[in-house]
Protein chains: 2
Amino acid sequence: MVTLAEVAKRARVTAATVSNVLRNREKVKPETVERVLAAINELGYRPNLNARALAEGRSPTLALMLSNITNPFYPEFVLAAERAARKAGFFLMVCNTDDNADIGRAYLNQIAGTLAEGMLVMNTDIEINELCVSAMNNAPILLAMWEHPEAPPALPCVAVEFAKAGALAARHLLELGHRKIGMLVGDGSGGLQDARHDGFAAEVARAGLRIDAAAVMRTRDSIDAGYAACVQLMAAQPDLTAIFATNDLMAIGAVQALITLGRVVPNDVSVIGITDIQLARQVHPPLTTVAIDTTAIAELSVTCLIEQIERPRQPPKMVIAPPPVLIVRASTRAPARG
Amino acid sequence: MVTLAEVAKRARVTAATVSNVLRNREKVKPETVERVLAAINELGYRPNLNARALAEGRSPTLALMLSNITNPFYPEFVLAAERAARKAGFFLMVCNTDDNADIGRAYLNQIAGTLAEGMLVMNTDIEINELCVSAMNNAPILLAMWEHPEAPPALPCVAVEFAKAGALAARHLLELGHRKIGMLVGDGSGGLQDARHDGFAAEVARAGLRIDAAAVMRTRDSIDAGYAACVQLMAAQPDLTAIFATNDLMAIGAVQALITLGRVVPNDVSVIGITDIQLARQVHPPLTTVAIDTTAIAELSVTCLIEQIERPRQPPKMVIAPPPVLIVRASTRAPARG
DNA sequence: CTGAAAGCGCTAACAT
DNA sequence: ATGTTAGCGCTTTCAG
């Protein structure tokens with residue numbers, strides 16, 4: 001490994017000067033800069049980031065902790081977060097907890113405050129309180145997708161108005177004329193997707209209607225689970241004309257299930273989801289959904305975390321993400337007459 | 001930040017002893033161990049991994065570089081690699097190059113040999129030669145999915161017998177009785193999926209048949225691109241009874257396209273892919289495909305990389321992944337008579 | 001079994 | 001404008 005000292009020797013200066021060349025473009029004579037740069041090149045020198053982090057007392061990396069990268073929503077988020085981090089001069093280290101709180105804790109203990117300067121946390125099975133303790137002892141932690149804007153947590157966060165998303169979905173279905181609506185409520189790591197459910201139900205209530213409790217299925221947040229739940233749901237409530245899923249994955253599963261059951265989507269049954277993951281556009285029929293601005297959330301998260309890093313010990317701040325937007329595609333339409 | 005020294009002070013020993021407690025379970029008197037552990041606990045001490053890495057001259061992390069985490073294949077690989085790395089006591093740092101060779105180079109320069117002890121490289125736009133140079137100067141690099149087992153590269157790698165996968169797909173289609181077969185050949189980052197194409201073509205030739213060059217479409221490796229290419233293909237060659245895609249994503253896109261075109265899958269047209277990503281099971285109809293053992297490849301990659309790290313300067317070794325396996329689902333069947 | 005001391009590669013005052 | 005000097009927090013001989 002080529003070190004600073006070797007470069008310095010070759011350029012006939014001291015380590016300090018090389019270090020200066022490496023950051024301050026000023027205060028070193030152009031001629032010397034030249035010589036140092038040449039030495040760096042000839043030797044193929046690369047700074048040791050560990051040593052630098054140790055000396056500087058900070059490291060140029062951010063961590064992103066998520067429960068399972070295999071959920072198609074996360075890669076989209078990771079991509080956006082990584083871009084934002086890079087733009088700000090940080091690496092992004094993805095920590096997959098594999099749906100295991102212990103692994104999450106291990107990451108928290110080991111990484112936060114040493115390998116990474118701060119941590120973005122998506123839904124994990126770790127309690128907020130526990131996260132707070134980590135945040136106290138180590139690096140700042142930001143909740144990247146807080147589902148309850150009305151109740152700011154004790155940690156900085158980016159809040160997403162999921163209740164509003166649910167309401168938009170409800171309004172769309174109601175305006176189309178649907179009255180018999182089933183619900184698939186997701187239970188991913190991070191708990192039930194309550195806000196979405198409640199927002200939907202509230203909007204329905206506002207229209208003077210209500211959802212039959214028997215038409216609400218709680219299930220894991222995945223295509224497979226959505227499929228299975230939908231099959232069950234349609235068996236129990238065969239006259240539903242529309243299904244709202246709190247997440248695109250379940251919605252996509254529901255569409256598959258309906259097709260298998262011989263129901264035409266959207267002619268016989270409409271389906272709407274939340275998130276607008278890429279896949280929502282790519283399935284057939286393309287899914288009507290309420291879009292969450294993943295990119296914006298990722299960027300806000302990174303920005304806020306960096307802010308926390310630069311100005312620590314601030315009171316936790318909650319930032320609200322751009323509001324959700326209804327995206328009408330081909331999986332919803334007015335119910336058939338009769 | 002709590003340091004070793006503070007722990008030492010509190011436990012009335014020196015840093016060296018604390019350090020010993022932290023690794024050697026022996027050579028420290030149980031009584032002292034007790035005291036040290038207590039101090040660690042009371043103070044909430046967490047070792048600084050940068051300092052440790054600097055002192056030890058190595059760091060407990062592996063890097064995985066890939067072109068775009070948004071391609072659904074990668075998350076599955078990441079998950080498996082992360083598990084394998086964790087089992088071996090390493091963190092896994094995911095580096096997304098965003099399909100940009102310059103970003104890839106930046107990661108290579110910065111990370112390899114300092115933040116990470118070695119790097120797993122999936123298809124990226126960086127040339128092997130360039131990687132070799134990095135491998136020389138810095139940490140070991142392993143090609144995690146080499147497509148040409150017959151031509152070992154200058155770097156250690158895990159090779160996947162994609163030609164065999166293509167051949168299996170061909171045999172399946174031929175055995176079903178298909179003769180008019182179209183092909184969607186992917187052109188992801190990392191170049192054309194030649195081996196798969198060639199393996200397929202060779203098997204067809206062995207049966208005394210051949211694929212019409214006009215029935216071969218080259219396109220980007222994604223659902224959307226597969227959709228578009230399939231639409232084009234069916235317009236040009238309306239009498240195809242089967243489509244082979246070198247990748248599940250394109251195959252899934254093709255299925256969607258066929259449905260849109262009013263062709264029933266598999267009754268009118270059969271579709272087969274390669275890889276067996278999760279989604280292949282979750283679409284409707286479930287996709288027949290040739291499975292690549294992603295988990296095994298990830299585990300082998302991690303194992304081999306660690307081997308390289310522990311015994312550097314070995315001649316590059318090529319490990320062959322378990323052979324591909326045909327998975328028959330519902331997207332293929334014998335062609336209709338006439 | 002424990003302590004003292006050197007050093008990993010780099011940065012950041014402070015001198016010159 | 002450049003050199004000197006001290007660490008950053010930890011590991012690791014080497015003594016005692």
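Each chain gets a letter, A, B and so on, in the order the sequences are listed, and its residues count up from 1. Side-chain atoms are counted along with the backbone in the values below, which use heavy atoms only and exclude waters and symmetry mates.
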Asker: In whole Å, what is the span from the CG atom of B:Leu49 to the C1' atom of D:dG9?
Answerer: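 These atoms are roughly 11 Å apart.
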
Asker: Of B:Asn50 and B:Ala16, whose closest DNA chain D nucleotide lies nearer the 5' terminus?
Answerer: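 Counting from the 5' end, the first nearest nucleotide belongs to B:Asn50.
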
Asker: To the nearest 0.5 Å, what is the distance between CG on B:Leu131 and CE on B:Met119?
Answerer: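 Going from the CG atom of B:Leu131 to the CE atom of B:Met119 covers 9.0 Å.
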
Asker: For B:Arg86, look at atom CZ and say whether over 12 heavy atoms of other residues, nucleotides or ligands are found less than 6.0 Å away.
Answerer: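 Yes - once you tally the heavy atoms of other residues, nucleotides and ligands closer than 6.0 Å, there are more than 12.
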
Asker: If I take atom CD in residue A:Glu56 and atom P in nucleotide D:dA6, what distance separates them, rounded to the nearest angstrom?
Answerer: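 Spelled out: CD on A:Glu56 to P on D:dA6 is 22 Å.
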
Asker: Indicate yes or no: at least one non-hydrogen side-chain atom of A:Gln278 is less than 4.5 angstrom from one of B:Thr70.
Answerer: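 Side-chain contact under 4.5 Å: yes.
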
Asker: Take atom CG of A:Leu115 and atom P of D:dG9, then tell me their distance rounded to the nearest Å.
Answerer: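 These atoms are roughly 15 Å apart.
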
Asker: Take atom NZ of A:Lys9 and atom C1' of D:dG3, then tell me their distance rounded to the nearest Å.
Answerer: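 One finds 17 Å between C1' of D:dG3 and NZ of A:Lys9, rounded.
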
Asker: Between D:dC8 atom P and B:Met1 atom CE, what is the distance in whole Å?
Answerer: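 B:Met1 atom CE is separated from D:dC8 atom P by 12 Å.
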
Asker: Does atom CD of A:Glu56 have more than 12 heavy-atom neighbours from other groups under 6.0 Å away?
Answerer: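 Above 12, so yes.
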
Asker: Counting just side-chain N and O atoms, does B:Thr3 come under 4.0 Å of either OP1 or OP2 of D:dG9?
Answerer: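 Looking at the OP1 and OP2 atoms of D:dG9, neither is under 4.0 Å from any side-chain N or O of B:Thr3.
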
Asker: Which part of the nucleic acid, if any, lies within reach of B:Ser19 when heavy atoms closer than 4.0 Å are counted: base, sugar-phosphate only, or nothing?
Answerer: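 B:Ser19: base contact, heavy atoms under 4.0 Å.
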
Asker: Whole angstrom is fine here: how far is it from CG in B:Asn48 over to C1' in D:dC10?
Answerer: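 Whole-Å distance recorded here is 8 Å.
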
Asker: Closest nucleotide of DNA chain C for B:Thr17 versus for B:Ala55: which of these residues is on the 5' side?
Answerer: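 Whichever sits nearer the 5' end wins; that is B:Thr17.
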
Asker: On DNA chain C, nearest-nucleotide positions of B:Leu54 versus B:Thr32: which is more 5'?
Answerer: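 By nearest-heavy-atom nucleotide position, the 5'-most residue is B:Thr32.
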
Asker: What is the distance from CD of A:Glu31 to C1' of D:dT2, rounded to the nearest Å?
Answerer: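 So the two atoms are 13 Å apart, to the nearest Å.
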
Asker: Run the numbers on A:Asn96 and A:Ile103 for side-chain contact (heavy atoms from CB on, under 4.5 Å), then give the verdict.
Answerer: CA-CA 8 Å; A:Asn96 190 109; A:Ile103 295 178; over 6 Å; no

Asker: Please report, rounded to the nearest Å, how far the P atom of D:dT12 is from the CG atom of B:Leu4.
Answerer: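 Spelled out: CG on B:Leu4 to P on D:dT12 is 12 Å.
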
Asker: Side chains of A:Glu117 and A:Leu305: does their closest heavy-atom pair fall under 4.5 Å?
Answerer: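 A:Glu117 does not reach A:Leu305 side chain to side chain.
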
Asker: For chain B and DNA chain C, what are the first and last nucleotides along the strand, 5' to 3', with at least one atom under 4.0 angstrom from a heavy atom of the protein chain?
Answerer: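 Nucleotide range in contact with chain B: C:dC1 to C:dG9.
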
Asker: Using a 6.0 Å cut-off, check whether atom CD of B:Glu34 has over 12 heavy atoms from anything other than its own residue.
Answerer: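 Not buried by this count: 12 neighbours or fewer within 6.0 Å.
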
